[in-house]
Amino acid sequence: QVQLVESGGGLVQAGGSLRLSCVASGVSFTRYTLGWFRQAPGKEREFVAAITWRSDSTYYADSVKGRFTISRDNTKNTVYLQMNSLKPEDTAVYYCTARYMSAYTTFASGYDSWGQGTQVTVSS
């Protein structure tokens, strides 16, 4: 399994930006499809974005398309989530996740490893 550690969360005003980072260790990083999910209080964990292991294709939830960008730096074993034009409804704990040599999925159960999460709070 891969160990994932997120950072970069915080408090930001609506319309602002944050960049989340997730560092992976102990793995062949390039063989993992990486994703970001989020979970707000009282809600289920939901898919946000993913970047695939072979082609670096990216996928987004409709709610963040055009505002969020996922990217990876294989030299640093790091995946990023750039979040712009943040809205109060983006408030949640954001989780980094990884899936070994597989296509992306929007189902949380399809991922093998998870980070501990980082809190993002957007004030109105």
Check for me, please, whether [X] and [Y] land in the same ILVMFWY cluster - side-chain distances under 4.5 Å, paths through other members count.
X	Y	result
Val93	Trp114	yes
Tyr80	Met83	no
Phe68	Val79	yes
Trp53	Val2	yes
Leu81	Tyr95	no

Checking [X] side chain against [Y] main chain: does a donor-acceptor pair fall under 3.5 Å?
X	Y	value
Tyr60	Ile70	yes
Arg67	Gln82	no
Thr33	Ala103	no
Thr78	Asp73	no

Which residues pass the salt bridge (charged side-chain N to carboxylate O under 4.0 Å, His left out) test with Glu46, sequence neighbours left out? Arg38
Salt bridge (charged side-chain N to carboxylate O under 4.0 Å, His left out) partners of Arg54, counting only residues at least two apart: none
Could you tell me which residues satisfy side chain to side chain contact (heavy atoms under 4.5 Å, CB included) with Lys43, sequence neighbours excluded, listed by chain and number? Ala40
Which atom names give the shortest non-hydrogen contact between Thr30 and Arg72, and what distance separates them? CA-NH2, 3.8 Å
Ion pair check, Lys87 and Asp90, cut-off under 4.0 Å: no
Sort and list the pairs that fulfil side-chain hydrogen bond (donor to acceptor under 3.5 Å, both in side chains) and have at least one residue in residues 103-113, not counting sequence neighbours. none
Partners meeting ring-ring contact (aromatic ring centres under 6.0 Å, His included) with Tyr32 (sequence neighbours left out): Tyr100
Would you tabulate the side-chain donor-acceptor contacts of residues 6-20 under 3.5 Å, counting partners in other chains and residues two or more places apart, or write 'none'?
from	atom 1	to	atom 2	distance (Å)
Glu6	OE1	Gln116	N	3.0
Glu6	OE1	Gln116	NE2	3.4
Glu6	OE1	Gly117	N	2.9
Glu6	OE2	Cys96	N	2.7
Glu6	OE2	Gly117	N	3.3
Ser17	OG	Asn84	OD1	2.9

Check the pair Phe47 / Trp36 against ring-ring contact (aromatic ring centres under 6.0 Å, His included), numbers first and verdict last. CA-CA 7 Å; Phe47 172 78; Trp36 289 93; over 10 Å; no
